[in-house]
Number of protein chains: 2
Amino acid sequence: MKPTPKQALRETGVRVTRQREALLKVLTEASDHPDAAELHRRARTIDDSLSLATVYRTLSVLEREGVVLRLALENGGARYEVADTPHHDHIIDLDTGEITEFRSEKIEDLQRQIAAELGYEIVHHRMELYCRKRT
Amino acid sequence: MKPTPKQALRETGVRVTRQREALLKVLTEASDHPDAAELHRRARTIDDSLSLATVYRTLSVLEREGVVLRLALENGGARYEVADTPHHDHIIDLDTGEITEFRSEKIEDLQRQIAAELGYEIVHHRMELYCRKRT
DNA sequence: GTGTATGCAAATCATTTGCACGGTC
DNA sequence: GACCGTGCAAATGATTTGCATACAC
């Protein structure tokens with residue numbers, strides 16, 4: 001069974017510190033897709049000495065270790081989520097900013113097929129649908 | 001038939017200045033997807049007084065008017081292209097940075113269908129395949 | 001002539017980094 | 001105890017903005 005984020009950290013030989021545990025806890029509990037500043041705000045309630053610089057440093061470690069995913073939206077802001085669910089893409093509600101996850105095996109197949117026709121192999125991809133609720 | 005970018009500008013009541021013409025020319029002739037700094041460099045060979053600030057200001061006007069498209073890649077850098085071809089998405093070669101355009105009606109249909117199932121209407125979307133040449 | 005566009009330099013904003021200190025292994 | 005991780009503040013890099021001047025209409 002899948003290791004907890006904390007276990008995942010230990011296993012990669014990265015040191016488990018107070019601030020990293022705080023950040024992991026906040027990340028794990030977040031169902032929305034917070035940005036670095038928001039994560040900092042939340043994690044501070046657990047460890048008030050945590051600095052924003054460390055949040056960034058930790059997020060990049062966690063991303064490198066495959067524990068979190070960075071979601072770079074079109075407006076330039078980066079959002080984060082724990083990598084504990086299978087691959088999926090996102091729908092962004094233009095009015096509320098709410099982010100919904102979805103997954104389509106069919107689309108993934110088509111993407112691979114298109115890339116292959118052009119002589120490419122997909123390493124990773126991003127797909128975001130910027131939407132508005134239907135009235 | 002489709003108006004030239006310059007005509008498009010006049011029609012929207014935006015002033016056609018020396019620097020805007022220079023930028024439009026460079027944009028129209030570019031087959032790659034240059035960023036703001038690169039466009040500045042190129043347009044300067046036509047009008048050497050052109051400032052980078054104006055490049056940004058003009059690009060945002062052109063984007064608002066639907067004349068150019070801003071492509072926000074995952075590394076944060078923005079690239080631009082003239083909106084003179086039908087909608088398409090991009091393949092980014094991770095090794096060379098080269099950008100290839102592609103279009104899939106099937107994928108677009110599936111996207112609309114998925115959004116609809118969740119009660120959404122797609123306003124616009126982005127899809128980028130980060131790839132590597134097959135060996 | 002009027003009002004918009006421009007250049008310049010200073011201001012933002014998100015993110016990164018240098019450095020000396022503190023804490024994990 | 002060795003070495004990695006942290007806080008702080010300063011550095012960065014891309015983009016934006018205030019202001020006085022220049023130019024399109």
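Chain letters run A, B, ... following the sequence lines, proteins first, then strands; residues in each count from 1. These numbers were taken from a predicted model, which means no experiment stands behind them.
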A.B. asks: Testing the 3.5 Å rule here: is there a donor-acceptor pair between the side chains of B/His33 and B/Glu98?
C.D. replies: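 There is no such pair (donor and acceptor under 3.5 Å, judged by atom type) between the side chains of B/His33 and B/Glu98.
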A.B. asks: Compare side-chain N and O positions of B/Ser51 against OP1 and OP2 of C/dT6 and report whether any pair is under 4.0 Å apart.
C.D. replies: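 Checking C/dT6 against B/Ser51, no side-chain N or O comes under 4.0 Å of OP1 or OP2.
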A.B. asks: Give the rounded distance in Å between these two atoms: CG of B/Leu24 and C1' of C/dA5.
C.D. replies: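 From B/Leu24 CG to C/dA5 C1': 15 Å.
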A.B. asks: Is the closest side-chain heavy-atom distance between A/Arg79 and A/Ile99 below 4.5 Å?
C.D. replies: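 Yes, close enough: below the 4.5 Å cut-off.
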A.B. asks: DNA chain D in dot-bracket, Watson-Crick or G-U pairs under 3.5 Å, [ ] crossing, | other strand?
C.D. replies: ||||||||||.|||.||||||||||
A.B. asks: Which letter, B, S or -, goes with each nucleotide of nucleotides 13-19 of chain D from 5' to 3', with contact meaning a protein heavy atom under 4.0 Å?
C.D. replies: -SSBBB-
A.B. asks: How long is the line joining CG of A/Leu50 and P of D/dG5, in whole Å?
C.D. replies: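 Computing the A/Leu50:CG to D/dG5:P distance gives 15 Å.
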A.B. asks: Could you give the CG-to-C1' distance, from B/Asn75 to C/dT15, as a whole number of Å?
C.D. replies: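 Taking atom C1' of C/dT15 as the reference, CG of B/Asn75 is at 14 Å.
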A.B. asks: Calculate the interatomic distance between A/His40 atom NE2 and C/dT16 atom C1'; express it in whole Å.
C.D. replies: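 One finds 15 Å between C1' of C/dT16 and NE2 of A/His40, rounded.
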A.B. asks: Output all residues satisfying ring-ring contact (aromatic ring centres under 6.0 Å, His included) with B/His125, sequence neighbours left out; order by chain, then residue number.
C.D. replies: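 Checked B/His125 against ring-ring contact (aromatic ring centres under 6.0 Å, His included); matches are B/His87.
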A.B. asks: Starting at atom CG of A/Leu71, determine the distance to atom P of C/dA14, rounded to an integer number of angstrom.
C.D. replies: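 In whole Å, C/dA14 P lies 17 Å from A/Leu71 CG.
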A.B. asks: Please report the distance, rounded to the nearest Å, between CD in B/Glu65 and C1' in C/dA5.
C.D. replies: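 Nearest whole value for this atom pair: 14 Å.
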A.B. asks: Send over the distance from B/Asp48 CG to C/dT6 P, rounded to a whole Å.
C.D. replies: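 So the two atoms are 15 Å apart, to the nearest Å.
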A.B. asks: Which residue is it: A/Arg42, A/Glu38, A/His40? I am looking for the one with a side-chain contact (heavy atoms from CB on, under 4.5 Å) to A/Val26.
C.D. replies: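 For A/Val26, the side-chain contact (heavy atoms from CB on, under 4.5 Å) check succeeds only for A/Arg42.
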A.B. asks: Got a sec, which residues hit ring-ring contact (aromatic ring centres under 6.0 Å, His included) with A/Tyr80, two or more places apart in sequence or on another chain?
C.D. replies: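 By the ring-ring contact (aromatic ring centres under 6.0 Å, His included) rule, A/Tyr80 matches no residue at all.
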A.B. asks: I'd like to know if A/Arg132 pairs up with A/Asp93 as an ion pair, taking the criterion as any Lys NZ or Arg NE/NH1/NH2 lying under 4.0 Å from an Asp or Glu carboxylate oxygen.
C.D. replies: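 No, no charged N to carboxylate O under 4.0 Å.
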A.B. asks: Does a side-chain N-to-carboxylate-O contact under 4.0 Å join A/Glu128 and B/Arg126?
C.D. replies: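 Looking at B/Arg126 together with A/Glu128, the answer is yes, because their closest N to O distance falls below 4.0 Å.
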A.B. asks: How about B/Leu129 and B/Ile92: do any of their side-chain heavy atoms sit closer than 4.5 Å?
C.D. replies: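 With C-beta onward as the side chain, the pair stays apart.
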A.B. asks: Without decimals, in angstroms, what is the distance between A/Arg44 CZ and D/dT6 P?
C.D. replies: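 A/Arg44 atom CZ is separated from D/dT6 atom P by 15 Å.
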A.B. asks: Regarding A/Glu105 and A/Arg112, does a basic nitrogen lie under 4.0 Å from an acidic carboxylate oxygen?
C.D. replies: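 Salt bridge between A/Glu105 and A/Arg112, a charged N being under 4.0 Å from a carboxylate O: yes.
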A.B. asks: Could you pull out all residues at least two apart from A/Tyr56 that satisfy ring-ring contact (aromatic ring centres under 6.0 Å, His included)?
C.D. replies: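 Result, ring-ring contact (aromatic ring centres under 6.0 Å, His included) vs A/Tyr56: none returned.
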A.B. asks: Can you pull every protein N or O that's under 3.5 Å from an N or O on nucleotides 21-24 of chain D?
C.D. replies:
| unit_1 | atom_1 | unit_2 | atom_2 | d |
| --- | --- | --- | --- | --- |
| D/dA24 | N3 | B/Arg15 | NH1 | 3.3 |

A.B. asks: Does B/Arg134 come within less than 4.0 Å of A/Glu121, counting only side-chain N to carboxylate O?
C.D. replies: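 Not counted as a salt bridge, because no side-chain N and carboxylate O are separated by less than 4.0 Å.
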A.B. asks: So, is A/Gln19 close to the C/dG23 phosphate, meaning a side-chain N or O under 4.0 Å from OP1 or OP2?
C.D. replies: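 False: A/Gln19 side-chain N/O out of range (4.0 Å or more) of C/dG23 OP1/OP2.
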